[in-house]
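Below: the structure, in structure tokens.
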Protein chains: 2
Amino acid sequence: MTQATIRDVARHAAVSVASVSRALNGAASVSPATRDRVQASARALGYVPNAAARSLSLARSNTIGVVLPELHGEFFSEIVRGMDRAAGSLGLQLLLSNMHADVELAAHALRAMRGRVDGLLIMAPELAAATLIDALPGQQPAVLINCAAAGRSHPGFGIDNRAGAAAMVRHLLAQGRQRIVHLAGPGSNLDARERQEGFTAAMAELAPGAPVEVLAGDFHEETGMAAAQALLSRGPACDAIFAANDQMAIGAMRALQDAGVDVPGRIAVAGFDDVPVARYLALSTMRVPIAEMGARALARLARLIDGTDTTTDVELLVPELVVRGTTATGAISNKNPQEEPTS
Amino acid sequence: MTQATIRDVARHAAVSVASVSRALNGAASVSPATRDRVQASARALGYVPNAAARSLSLARSNTIGVVLPELHGEFFSEIVRGMDRAAGSLGLQLLLSNMHADVELAAHALRAMRGRVDGLLIMAPELAAATLIDALPGQQPAVLINCAAAGRSHPGFGIDNRAGAAAMVRHLLAQGRQRIVHLAGPGSNLDARERQEGFTAAMAELAPGAPVEVLAGDFHEETGMAAAQALLSRGPACDAIFAANDQMAIGAMRALQDAGVDVPGRIAVAGFDDVPVARYLALSTMRVPIAEMGARALARLARLIDGTDTTTDVELLVPELVVRGTTATGAISNKNPQEEPTS
DNA sequence: TTGTAGGCGTTATCAC
DNA sequence: GTGATAACGCCTACAA
């Protein structure tokens with residue numbers, strides 16, 4: 001026997017399909033007697049409404065399309081967790097799809113969601129604004145996360161990378177560091193660019209005389225190691241390495257420690273993101289509220305869908321400075337890395 | 001202007017909707033001329049097929065429902081990554097929903113997917129077999145992951161926890177450890193139970209005379225700390241702690257090191273899972289191929305859906321022993337300071 | 001090769 | 001309060 005439809009229930013309860021629909025959806029006026037009969041029949045037949053049919057009829061799916069790039073473990077799970085939490089409390093489902101770097105595929109993925117989702121949550125830190133806008137299905141409500149394209153036609157969310165970088169620079173300077181080297185991320189990445197800009201701007205403002213140096217990087221641990229080794233084996237030494245993300249910072253730490261360099265005694269190391277590993281390695285970093293960003297983006301998309309919120313500005317979430325052993329002045333105090341604030 | 005439908009395209013191309021459908025779906029016989037006209041019109045109007053309508057008509061959604069419990073960062077992202085990878089290569093989408101411990105809610109979540117997905121990927125290590133089977137929509141193809149219910153009516157995937165635990169026991173014994181204490185996970189969790197059983201079985205077989213001790217735990221780091229402290233402050237000492245997961249192992253390590261106990265000199269520590277942090281802390285552990293499990297489960301579900309595979313057995317993935325510093329015999333590998341930040 | 005028409009399962013608009 | 005019935009957008013026999 002195949003799945004029961006609303007017609008089966010109607011027949012079983014000896015009423016019309018209209019009454020079944022009304023009885024089951026609560027809303028309209030139905031006599032208690034028929035409602036009970038309908039509910040009993042539905043239960044007896046194991047009836048479950050067909051979501052596709054309902055979506056077609058209502059032109060609403062109660063589903064949010066989520067398009068993310070290939071991203072590393074923690075970031076991915078955190079942002080999805082935030083979205084899922086918000087979606088659950090709003091009675092929405094999440095349709096996942098990962099955005100390939102290929103624009104063709106990305107556009108295809110977006111199109112495939114038409115009629116299946118009520119709105120889109122898109123994160124594409126590597127895609128240029130115009131490219132993305134073109135790929136967007138015309139009428140679909142969408143919220144852009146970490147997108148260069150956000151703010152104009154579509155609302156967006158992002159990390160205040162400039163403020164974050166500035167906060168770290170301020171911290172390092174306050175610790176007495178004089179020559180801070182920034183290990184940048186890939187130029188194709190929006191966050192990486194903003195962090196670098198934040199760094200140079202903050203240095204120019206807070207330490208006008210100090211040397212400003214930026215090394216190219218790619219967000220990978222190996223690159224952090226290589227950069228640190230290069231720094232050691234060349235001319236004027238630096239006394240602080242501020243990496244554009246934690247992975248590179250960790251790589252730098254390893255290389256420095258392998259070379260017997262005192263961290264932070266001789267060189268301080270700082271990262272960005274606060275991945276879980278950072279706590280164990282006592283790495284100072286900027287904590288990025290990823291889950292919160294996901295949750296807030298979802299909530300805003302929901303408001304956009306039901307017309308409650310029609311703004312298109314970009315909301316920036318400010319990272320929080322987390323000071324640990326790798327930038328502490330004097331004695332390193334990572335004796336108990338567990339005393340970190342819980343997220 | 002609202003989204004174009006197949007009728008708009010038909011009108012624009014001066015053909016029937018049937019021809020549009022045929023032309024766009026490639027399959028049937030259409031004259032090259034009309035196909036070109038249709039494609040041109042579709043592009044001109046920005047036509048994208050409505051997935052809900054198509055699902056309703058075809059009784060197929062090309063979507064897989066994924067139901068996961070609340071799980072910690074890495075596990076979640078890894079398994080979803082595996083599924084997503086496999087889904088992408090098969091042209092399938094992923095509809096996410098997290099399974100709440102509450103059976104009512106779980107059943108509701110499963111029901112809500114009716115008509116929206118072609119099959120279900122369910123992971124519920126905490127739910128009893130019968131409960132889960134009851135909650136399953138009757139006809140829906142489903143693959144169970146880490147479920148006690150797998151293997152009977154539904155195919156399943158799982159970790160060979162017994163073999164994994166045995167491998168770790170063998171390793172610890174080979175390292176000369178005599179008194180191994182197992183720090184178990186929550187009894188409600190299938191993996192935890194199997195790991196514990198694997199431990200006791202392996203001990204009975206490989207070290208018949210040795211004392212076998214099991215401490216209750218809950219998979220949390222704090223519990224690992226508390227357990228280690230308790231072990232230190234009581235009677236006969238042990239020389240190895242084998243935790244049911246990495247989190248507890250890490251907690252135990254910290255407690256031991258805080259107490260000045262030489263690890264692994266006096267007490268070896270081992271975990272299970274190989275979370276990313278494990279590498280940085282030089283924790284020996286069993287590596288669980290999570291992404292692979294997700295990918296294979298999805299592939300098998302796809303075969304189940306198209307009738308290619310109708311078996312219902314459980315496939316077990318074997319964890320791999322990863323030996324690091326915390327179980328090494330002789331010289332402790334603390335020589336690499338960055339692997340032991342609390343030194 | 002192409003067009004007509006019926007059906008997929010629901011909801012909503014009418015009459016009654 | 002209840003019951004026909006027309007959408008919703010697409011696919012697919014069946015005819016032509």
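First the proteins, then the strands, lettered A, B, ... as listed; each starts at 1.
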To the nearest 0.5 Å, what is the distance between CD1 on B:I290 and CE on B:M83?
11.0 Å
Rounded to the nearest 0.5 Å, how far apart are CG of B:N50 and OG of A:S61?
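The CG atom of B:N50 sits 9.5 Å away from the OG atom of A:S61.
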5' to 3' on DNA chain D, which nucleotides open and close the contacts with chain B (atom under 4.0 Å from a heavy atom)?
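First-to-last contact on DNA chain D, by the 4.0 Å heavy-atom rule, is D:dG9 to D:dT12.
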Can you list the residues that meet the salt bridge (Lys or Arg N to Asp or Glu O under 4.0 Å) rule with B:R7, with sequence neighbours excluded?
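Residues passing salt bridge (Lys or Arg N to Asp or Glu O under 4.0 Å) with B:R7: none at all.
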Listed by chain and number, what are the salt bridge (Lys or Arg N to Asp or Glu O under 4.0 Å) partners of B:R296, not counting sequence neighbours?
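Applying salt bridge (Lys or Arg N to Asp or Glu O under 4.0 Å) to B:R296 gives B:E292, B:E315.
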Donor-acceptor pair, distance only, cut-off 3.5 Å: does the side chain of A:D118 make one with the backbone of A:N62?
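Between the backbone of A:N62 and the side chain of A:D118 there is a qualifying donor-acceptor contact (under 3.5 Å).
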Overall bend - the helix from C:dT1-D:dA16 to C:dC16-D:dG1, comparing terminal axes fitted on five pairs, nearest 10 degrees:
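For the helix from C:dT1-D:dA16 to C:dC16-D:dG1, the axes at opposite ends meet at about 40°.
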Strictly below 4.0 Å, N to O, side chains only: are B:D84 and B:R81 in salt-bridge contact?
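Salt bridge: no.
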Using a strict 4.0 Å threshold on nitrogen-to-oxygen distance, state whether A:R60 and A:D306 make a salt bridge.
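Salt bridge between A:R60 and A:D306, a charged N being under 4.0 Å from a carboxylate O: no.
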Heavy-atom check, side chain of B:V17 versus side chain of B:T5, under 4.5 Å:
no
With the threshold set at under 4.0 Å for non-hydrogen atoms, list the residues of residues 53-63 of chain A touching DNA chain C in residue-number order.
A:A53, A:R54, A:S57, A:L58
My understanding is that only one of A:L68, A:I145, A:L144, A:L301 makes a side-chain contact (heavy atoms from CB on, under 4.5 Å) with A:I122; could you say which?
A:L144
Quick one: label A:V48 by what it contacts on the DNA or RNA (base, sugar-phosphate, nothing), any heavy atom closer than 4.0 Å.
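Since only primed, P, OP1 and OP2 atoms lie under 4.0 Å of A:V48, the category is sugar-phosphate.
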Heavy-atom closest contact ([X] atom, [Y] atom, distance):
| X | Y | result |
| --- | --- | --- |
| B:P49 | A:R114 | O-CG, 3.4 Å |
| B:Y47 | B:I6 | CE1-N, 3.4 Å |
| B:F157 | B:A297 | CE1-CA, 3.5 Å |
| A:S55 | B:R116 | OG-NH2, 4.4 Å |

Close N/O contacts between protein and nucleotides 1-5 of chain C (under 3.5 Å):
residue	atom	partner	partner atom	Å
C:dT1	OP2	B:S29	OG	3.0
C:dT2	OP1	B:S31	OG	3.0
C:dT2	OP2	B:S31	N	2.9
C:dT2	OP2	B:T34	OG1	2.9
C:dG3	OP2	B:S16	N	2.9
C:dG3	OP2	B:S16	OG	3.1
C:dG3	OP2	B:S19	OG	2.9
C:dG3	N7	B:R22	NH2	2.8
C:dG3	O6	B:R22	NH1	3.1

OP1 or OP2 of C:dT11 sitting under 4.0 Å from any side-chain N/O of A:N25?
yes
